[in-house]
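Working notes, structure below.
Model, not experiment: these values are computed from the prediction.
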Amino acid sequence: MLSPAPSPVPRTAAAAPAAGRRAGRALLALVPLVALVLALVPGCARHGADDSLPDPPAVPGGAYTVALTEPDHLTPGRTTSSYALQVIQGLFDPPVSLDPSDGHAVPLAAESLTSDDQRVWTLRVRPGGTFHNGEPVTARSFAAAWNAAAYGPNGWGSNGYFSQIAGYDELNPADGAQPTTRELPGVEVVDDATLRVTLSAPFSQFPMLLAFPAFAPLPSAAFTDPDGYDRHPVGNGPYAMDGDWRHNLRIDLRRAAGYAGLRPPMADQVHFRIFTSKDTAFTELRAGHVDFMASVPAARAYEAKRTFGRRYSVRPSGTMDYLGLPLWDRRYANPELRRALSMAIDRRGITRAVFNEVFAPADSLVAAMIPGHRAGACGDTCAYRPAEAKELFDRAGGFTGTLELYFANSDPTYEQWMTAVANELRQNLGIRDIAFRKMSGADLGPILNGRKATGPYRQNWVVDYPSVQNYLAGLLGRDNRTGWSNPAFDDALARGNAAATPAESIAHYHEAEDIALTELPLIPLWNWQDQTVWSSRIGNVLVDPYVAGLHLEAVTVRH
């Protein structure tokens with residue numbers, strides 16, 4: 001899930017999919033997703049004392065309020081920000097969803113998705129689907145959305161997610177030339193109900209990729225007035241916009257009239273209140289003015305557990321933080337210097353002091369919950385070894401000039417841990433001239449995506465689907481933020497994508513990860529654990545690693 005700089009955000013460029021099953025006919029069977037989701041709610045991990053009020057009864061109606069950070073866009077293909085995706089997942093149904101229990105693909109706006117060779121896929125559109133303005137959802141609605149996102153000159157944030165589809169390079173010429181076509185040759189509208197998708201190579205986990213909101217269909221209005229549509233998107237999901245997006249204030253959703261999809265909403269309305277500070281949002285939740293918060297400030301974890309009891313939840317997360325490095329700056333060109341920076345950072349001390357030991361020190365480029373994660377893959381490079389770090393630093397020639405650290409101002413912990421890192425680099429490596437470049441996520445995103453940063457930066461990754469490949473390709477694939485490239489890494493990743501079995505693919509991905517950890521274009525820091533809290537007014541709260549924030553449609557409200 002990279003994006004601007006807010007968090008859990010920056011999913012960056014290409015989320016080129018992972019490899020998977022042995023070639024054969026692949027089929028997604030239709031599953032009643034809502035029943036599945038509601039059945040899973042009682043199993044959510046909740047820590048703390050029992051609350052005095054029972055959950056609201058599972059009856060429709062009512063309204064609730066969610067704390068949110070200002071999104072960058074509300075058009076699915078234009079963003080990869082988790083703040084935006086929290087709203088978008090209520091407005092749009094993509095072709096498939098991911099099962100909250102294990103992340104496997106479940107049809108949603110698609111009726112079926114089949115392939116005989118895992119390279120050519122046939123998507124059948126679920127009959128009867130409409131957008132909130134009454135326009136039918138057809139195969140052309142998907143094709144138009146995908147072409148718009150994949151067309152390089154549009155500059156849409158999810159562009160790289162389409163890189164597996166045949167013809168992507170034609171829409172994104174490597175030399176920066178103007179494309180000669182605006183449509184993906186690999187996306188063919190067969191008829192109103194059928195879309196044929198040809199990939200550049202076999203890829204068994206393509207269905208998982210289609211759960212990303214960028215693959216949702218778009219109505220014709222999205223292209224006649226793109227900026228106006230971004231303020232008031234018309235989707236095909238369980239909720240519709242209730243008035244325009246009021247920037248930096250609020251976004252209001254209402255139950256979509258005529259929605260006949262697989263996620264019928266329980267509540268009549270969802271109100272998003274936009275905050276610049278998560279501390280302020282938490283205070284408002286405590287005061288009863290907000291009902292749900294997806295990311296509690298780590299410094300307030302003990303307070304949240306004590307105050308909200310069973311309505312406070314901690315769960316393993318696919319989100320990771322890194323220190324990205326601007327390799328176009330020659331001062332960071334030496335891998336030994338990059339290793340020295342990594343080994344000078346006391347991850348355990350920072351996670352204890354800043355995150356109350358909720359976050360876990362990173363030992364890999366990949367979150368611990370992901371199949372194929374290897375404990376200790378990072379080795380000594382991610383260990384706190386200040387003496388060895390100084391030796392490496394001196395051998396690499398040291399550092400000249402000002403070391404600038406870039407981060408967003410959307411969470412107080414960002415500055416706290418950056419301050420700790422700065423102090424450790426001063427103390428352990430002798431770098432005296434360190435400056436902060438703190439700004440809004442909206443301002444920081446273009447700087448990082450445009451490779452205009454002049455120093456290390458906070459890099460965040462939110463998993464799109466549960467695969468080692470998602471991290472490697474998303475963070476370090478084509479056109480990544482660091483400017484790093486390595487043919488051996490690319491080759492190992494490609495062999496993993498084309499492997500016949502999951503075991504073979506993971507072995508190749510491990511090879512690629514080892515190359516990246518040796519050269520270290522970005523430094524793994526820690527693995528998030530999601531902390532959410534909610535008020536006694538709402539129930540049926542489900543948050544899983546594969547959806548940005550809360551399953552909006554499942555929430556019940558106390559009347």
Side-chain angles (χ1 to χ4, degrees), residues 4-10 67 69-70 82-83 275-286 293-306 312 314 317 319-325 341-362 382 384 386 389 402-429 431-445 447-448 453 455-462 522-533:
S7 168
V9 186
T69 297
E70 173 78 350
S82 62
Y83 306 133
F275 296 90
T276 57
S277 164
K278 292 183 180 179
D279 274 314
T280 302
F282 182 76
T283 299
E284 288 291 277
L285 193 146
R286 285 204 60 175
M293 185 174 183
S295 183
V296 176
R300 306 188 76 167
Y302 297 144
E303 178 186 357
K305 181 177 180 179
R306 183 176 62 252
Y312 165 71
V314 179
S317 170
T319 303
M320 294 278 290
D321 274 346
Y322 310 83
L323 195 65
L325 299 169
L341 295 176
S342 178
M343 295 168 73
I345 298 172
D346 183 3
R347 292 163 178 78
R348 188 162 301 282
I350 293 175
T351 56
R352 181 181 299 117
V354 176
F355 301 114
N356 288 318
E357 299 182 282
V358 174
F359 289 8
C382 290
Y384 181 48
T402 302
L403 190 149
E404 297 179 300
L405 295 171
Y406 287 74
F407 56 95
N409 60 8
S410 52
D411 189 308
T413 62
Y414 302 168
E415 184 164 7
Q416 291 168 19
W417 73 252
M418 277 292 191
T419 299
V421 166
N423 289 337
E424 289 169 352
L425 297 182
R426 288 190 184 100
Q427 175 181 324
N428 297 326
L429 301 181
I431 303 175
R432 300 300 172 198
D433 191 3
I434 300 178
F436 287 166
R437 295 291 179 260
K438 180 174 69 169
M439 61 195 76
S440 72
D443 291 333
L444 182 56
I447 291 175
L448 301 184
Y457 51 88
R458 175 186 175 272
Q459 177 62 69
N460 175 267
W461 184 260
V462 182
L522 77 171
I523 297 170
L525 293 176
W526 34 77
N527 184 186
W528 287 41
Q529 304 294 301
D530 287 334
Q531 300 177 83
T532 57
V533 290

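- Shortest non-hydrogen contact noted between L522 and Q459 is CD1-CG, 4.2 Å.
- At least one donor-acceptor pair under 3.5 Å links the side chain of S277 to the backbone N or O of D279.
- Between E357 atom CD and T351 atom OG1 the span is 7.0 Å, to the nearest 0.5 Å.
- With L425 as reference, L429 is the one residue of L429, N428, N423 to meet the side-chain contact (heavy atoms from CB on, under 4.5 Å) rule.
- Across all non-hydrogen atoms, the minimal contact from L448 to A453 is CD2-CB, 4.0 Å.
- Here the CD-CZ distance, from E303 to R306, works out to 6.0 Å after rounding to the nearest 0.5 Å.
- Using a 4.5 Å heavy-atom threshold, the side chains of L323 and L341 count as separate.
- Listed here is the closest heavy atom pair of M293 and K278: CE-O, 3.1 Å.
- Closest approach of Y406 to M439, counting heavy atoms only: CD2-CE, 4.1 Å.
- Within the 4.5 Å cutoff, no side-chain heavy atoms of E70 are placed close to those of T276.
- Side-chain atoms of R437 and I447, non-hydrogen and from C-beta on, never get closer than 4.5 Å to each other.
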Applying side-chain contact (heavy atoms from CB on, under 4.5 Å), run through F359 and L525 and close with a yes or a no. CA-CA 10 Å; F359 289 8; L525 293 176; over 6 Å; no
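- How far CG of L405 is from OH of Y414: 15.5 Å, rounded to the nearest 0.5 Å.
- Closest heavy-atom contact between C382 and R347: O-NH1, 3.1 Å.
- Shown here for Q531 and V314, the closest heavy-atom pair between the two residues is CG-CG2, 4.1 Å.
- Two residues are said to be in side-chain contact when any heavy atoms from C-beta on lie closer than 4.5 Å; Q529 and F355 fail this criterion.
- In this structure, CD in Q416 is found 11.0 Å from CD1 in I350, a value given to the nearest 0.5 Å.
- The cationic atom of R300 (NZ for Lys, CZ for Arg) does not lie both less than 6.0 Å from the six-membered ring centre of F282 and within 45° of the ring axis.
- A donor-acceptor distance shorter than 3.5 angstrom exists from the side chain of N527 to the backbone of S317, with no hydrogens or angles considered.
- Residues Y384 and P361 are not in side-chain contact: their nearest non-hydrogen atoms beyond the backbone lie 4.5 Å or more apart.
- The CG atom of N409 lies 13.5 Å from the CZ atom of F436; values are rounded to the nearest 0.5 Å.
- For the atom pair NZ of K438 and CG of L444, the computed distance is 12.5 Å after rounding to the nearest 0.5 Å.
- A side-chain donor from one of D411 and T413 sits under 3.5 Å from a side-chain acceptor of the other.
- Here the side chains of W417 and W526 are in contact, with some heavy-atom distance below 4.5 Å.
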